[in-house]
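The sequence lines fix the lettering, A, B, ..., with proteins before strands; numbering per chain opens at 1. All figures in this text were calculated on a predicted structure; none of them were measured in a lab.
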Amino acid sequence: MSSLDSDFLLKNLNEGQKEAVSAPLSNVLVIAGAGTGKTRVLVSRISWLVQVENLKPREIMAVTFTNKAAKEMQERIAMLIGESNVRMLWASTFHSVCLRLLRSYSRQAGLQPGFGVLDTDNQTAFIKRIMSEIDYIGELKPSEVASKISKFKERRQRAADVAFSYKEEDPYLVKIYDIYERECISQNVVDFSELLLRTVELLENNESVRDLQHRRFKEILVDEFQDTNSLQFDFLKLLAGPQTHIMAVGDDDQSIYGWRGADYTNMSNFKKDFAPVKTVLLKDNYRSTQNILDMANTLIAKGSERLLPKVLEGNNGVGSKVNIIKCASEYVESDFIVNTIKLLHAKGISYDDFAVLYRTNQQSLLLEQRLSISGIPFVIYGGQKFFERAEIQDALAYMRLLLNPLDDQALRRIINVPPRRIGEKVVTQLSDIAYERGSSLFETIKMLIDYAKDENVPKELKSLAKKLSVFYDLMEKLKACRESQNLPDLVRSVIEITGLVDYYKQKDLKSNKGALDNQKHKNLEQLVSNASVFNNERFGEALENAEENLDPLLNFISNVTLSSSTELNAEGIEGEGQRQALVNLMTMHASKGLEFKVVFLAGFEKNLLPSFRSENDFREGQRRAYDEERRLAYVGITRAQERLFISYALSRTVYGRTENTGASSFLREIVAQYKEQKPDDRPYKISLPDILGSLLK
DNA sequence: AATCCCTTTATTTTT
DNA sequence: TAAAGGGATT
């Protein structure tokens, strides 16, 4: 049986892929170039571990960076080892893994059960409040403070550590961090970085928890390893026991999130810290034509600091030449793109097969307009996320408060939404009392109401308590619902009993004057459907005393907070009907991991790609930012399967100012590289947009 | 509580 | 340019 399985699993894999999939149990680093079948290797490897190496699915952990990737992996593995097996396997993001560990060992980790998770918006709002409370007058914006705090946490520095070591001009930063840290603990909430840091500390300080994981997880697979930060790297080091092996899969050439803390040198660190490591290189590309790959290879070859220079080799023939289009302005460029889509669509290419990729979101505006005028259906990825909408956040805040009465942040958000005459003054009074007593806002409300029952209480307090009791009674009602209702009903109760739906219906009526699109109250309804679709099927065998199994609401909220991303965005709104074919618009960042038959790279020009900000970045003597822009361009190019159009404009209006631009230095480099060759031997053709018709023949 | 008007500011954003 | 946030006004 075993040999049959192994034949089956290795069938249709190339040598490198086979080597990775069937590698003996050990630490393995797979350097997988763009389009070389990375996911396929991961999925086959997991099946191999189960079917050939006879590991139990519960002994395997597969870590990805996005929920989408985790979901895709689960689905593909299910096809190989069956649905019931996949359920025992942990395949999820770093953050979800940490959340599950923390939920199971919340006490040991210094948290109370039911602790909440702050997403970036909530975190920023939190910090903003702290900054205004201490009358901060410095130059930092709340979001900047938030990212600095994240940076500290990534370096495993607590506020107390920073206080000693950190000597920046802004002495308030440490103070804000300190207050933030303490308030997070008293409100029983953690932010995204905290999920990681606390788990690392838990594993480090708690031998029995650590040993338990060491014995459990035999094989850990990590996707997109070039995107790990140092905290995630530490986490892996702690999670892996003496008997555990790690397979890290990544591509240093596609590292484009350095600015967010990702450190692709973790790939070489991995070789050192997890030695001995078997290294496998995948460079057979199954996605693009050779012309496209030649362009990509030429571009990336000039990058400095590559860990392992590699040349992608194609399997799809030479293909059409890459078209480089020189446009007079961004208007000409967008017309060119629209016209070309029209033309190719008329030749039978589905709208789905087109992608327009750009460096900045701003660039999508003009494209949107032109596509709309031409009646070409399109979808923009990465707009406002479903779960980030204000009305959704309001509904979620009610649920967060229900789960965690200590969450002052949630309470502040919704105590007067919809308006119930609890204005700023009342909240200030309330929070002053809460502060004196050192208790949470919600506790304080309860206390005040009880206290005000006494006849001899001053009038002022009585009226305060009366106002607050409206809110308190509401929460009590919701509490009762939580006990008697299932999840979707509860969510419905939350949006209806609180008056949120009616409130937003009114708003919609006012602002849209009867128009049907973008109705906020509909989004709230959507949240109810989301809750019913969320059928409590968590993948991966649960840990003992895992609350997530007992409390669907907690489960739902956690899940939602850790997946406030695009896939739910698109799925959430469309609903049932069959999906219309749409042209895809997105940033090059958002395109990583995707592929399209026809790709347009718009604005491949000076100041835009590489971004003007990266030009002067010489930190640590390296051109870090500049190199990353090069990799970003490489990611863009390698998205294309059959046809690639790279366009640039000679002038572009940015921030209301029309600037002369021109071809990107990356484009000049590539062209210079092929100068000596005959035009026919070059992988590209340079042309103007107006002679397009002849190009496409 | 909603509206208006002014100022500010402007890459990328997996969780 | 244009969008978003803050502050003052109704």
Side-chain angles (χ1 to χ4, degrees), chain A residues 63-71 92-99 117-125 128 132 139 141-143 146-147 150 153-154 190-196 223-224 226-229 231-232 254-262 330 357-366 381-385 387-388 416-424 503 506-507 510-511 558-568 586-594 603 607-615 617 625 628-629 631-633 635-636 652-659:
Chain A
V63 192
T64 60
F65 271 82
T66 65
N67 294 292
K68 198 174 145 200
K71 209 170 147 190
S92 51
T93 63
F94 273 105
H95 291 83
S96 309
V97 168
C98 291
L99 178 63
V117 180
L118 294 178
D119 65 18
T120 316
D121 282 355
N122 285 317
Q123 183 194 20
T124 309
K128 190 172 170 185
S132 75
E139 321 224 286
K141 284 173 285 181
S143 60
S147 86
S150 292
K153 291 189 180 183
E154 271 160 34
V190 296
D191 62 35
F192 284 150
S193 318
E194 187 71 26
L195 281 172
L196 266 305
D223 194 13
E224 306 279 15
Q226 77 282 355
D227 289 339
T228 50
N229 64 31
L231 199 48
Q232 288 157 340
Q254 293 186 72
S255 163
I256 55 174
Y257 285 103
W259 52 276
R260 269 183 115 231
E330 75 266 39
L357 311 181
Y358 34 80
R359 177 66 242 260
T360 64
N361 283 306
Q362 195 196 24
Q363 291 170 260
S364 73
L365 221 90
L366 187 60
Y381 288 82
Q384 219 205 359
K385 315 274 162 62
F387 286 109
E388 284 169 14
N416 201 30
V417 177
R420 48 178 77 92
R421 321 214 101 255
I422 304 179
E424 204 184 329
Y503 175 64
Q506 297 258 315
K507 280 203 151 186
K510 268 192 196 153
S511 61
S558 309
N559 193 284
V560 154
T561 314
L562 290 185
S563 67
S564 54
S565 63
T566 18
E567 76 264 32
L568 282 156
M586 67 190 89
T587 63
M588 293 184 198
H589 281 92
S591 76
K592 196 176 73 167
L594 305 177
N607 297 339
L608 203 51
L609 180 72
S611 153
F612 67 97
R613 283 161 197 276
S614 71
E615 298 278 6
D617 186 281
E628 190 156 298
E629 297 287 310
R631 297 192 291 267
L632 183 59
V635 166
R652 180 176 297 267
T653 306
V654 193
Y655 308 143
R657 209 183 272 266
T658 304
E659 310 265 8

> For DNA chain B, whose closest nucleotide is more 5', that of A/Thr93 or that of A/Thr360?
Replying inline: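 Residue closer to the 5' terminus by nearest nucleotide: A/Thr360.
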
> Have A/Ser614 and A/Ser611 got a donor and an acceptor in their side chains that come within less than 3.5 Å?
Replying inline: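 Distance-only check fails for A/Ser614 and A/Ser611.
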
I need the [atom1]-[atom2] distance between [X] and [N], as an integer number of Å.
{"X": "A/Trp259", "N": "B/dT11", "atom1": "CH2", "atom2": "P", "answer": "12 Å"}
{"X": "A/Met586", "N": "B/dT14", "atom1": "CE", "atom2": "P", "answer": "12 Å"}
{"X": "A/Glu628", "N": "B/dT13", "atom1": "CD", "atom2": "P", "answer": "13 Å"}
{"X": "A/Tyr381", "N": "B/dT12", "atom1": "OH", "atom2": "C1'", "answer": "18 Å"}
{"X": "A/Asp227", "N": "B/dT15", "atom1": "CG", "atom2": "C1'", "answer": "12 Å"}
{"X": "A/Arg359", "N": "B/dT11", "atom1": "CZ", "atom2": "P", "answer": "9 Å"}
{"X": "A/Arg657", "N": "C/dA2", "atom1": "CZ", "atom2": "C1'", "answer": "15 Å"}
{"X": "A/His589", "N": "B/dT15", "atom1": "NE2", "atom2": "P", "answer": "15 Å"}

>> With a 4.0 Å cutoff (strictly under), does any side-chain N or O of A/Thr587 reach OP1 or OP2 of B/dT13?
In response: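 Checking A/Thr587 against B/dT13: at least one side-chain N or O falls below 4.0 Å of OP1 or OP2.
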
Kindly compute the distance separating [atom1] ([X]) from [atom2] ([Y]), expressed to the nearest 0.5 Å.
{"X": "A/Ile256", "Y": "A/Ser591", "atom1": "CD1", "atom2": "OG", "value": "7.0 Å"}
{"X": "A/Glu194", "Y": "A/His95", "atom1": "CD", "atom2": "NE2", "value": "11.0 Å"}
{"X": "A/Leu562", "Y": "A/Phe387", "atom1": "CG", "atom2": "CZ", "value": "11.5 Å"}

Pairs under 3.5 angstrom, nitrogen or oxygen only, protein versus nucleotides 1-10 of chain B, please.
{"unit_1": "B/dA1", "atom_1": "OP1", "unit_2": "A/Asn416", "atom_2": "ND2", "d": "3.3"}
{"unit_1": "B/dA1", "atom_1": "OP2", "unit_2": "A/Asn416", "atom_2": "ND2", "d": "3.4"}
{"unit_1": "B/dA10", "atom_1": "OP1", "unit_2": "A/Lys141", "atom_2": "NZ", "d": "3.4"}

> How far, in whole Å, is C/dG5 from B/dT12 if one measures between their P atoms?
Replying inline: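 Between the two P atoms, the distance is 15 Å.
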
Checking all strands, does [X] fall into the base, sugar-phosphate, or nothing category for heavy-atom contacts under 4.0 angstrom?
{"X": "A/Thr120", "answer": "base"}
{"X": "A/Asn361", "answer": "sugar-phosphate"}
{"X": "A/Phe94", "answer": "nothing"}

>> Quick check: any donor-acceptor pair below 3.5 Å linking the side-chain of A/Arg260 to the base of B/dT11?
In response: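 Per atom types, no contact qualifies.
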
>> Quick check for you: among B/dT14, B/dT11, B/dT13, whose closest atom lies nearest to any side-chain atom of A/Glu629?
In response: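 Nearest to the side chain of A/Glu629 among the choices is B/dT11.
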
> If every non-hydrogen atom of A/Ser150 is compared with every non-hydrogen atom of A/Gln123, which pair is closest and at what distance?
Replying inline: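 Heavy-atom minimum between the residues: OG-NE2, 4.1 Å.
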
>> Given A/Asp227, which partner from the list A/Gln254, A/Gln232, A/Lys592, A/Arg260 fulfils the side-chain hydrogen bond (donor to acceptor under 3.5 Å, both in side chains) test?
In response: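 Going through A/Gln254, A/Gln232, A/Lys592, A/Arg260 one by one, the side-chain hydrogen bond (donor to acceptor under 3.5 Å, both in side chains) with A/Asp227 is satisfied by A/Lys592 alone.
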
> Counting N and O atoms only, with roles assigned by atom type, does the side chain of A/Gln506 sit under 3.5 Å from a partner on the main chain of A/Tyr503, one being a donor and the other an acceptor?
Replying inline: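 No, the answer is negative, given that no donor and acceptor are paired below the 3.5 Å cut-off.
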
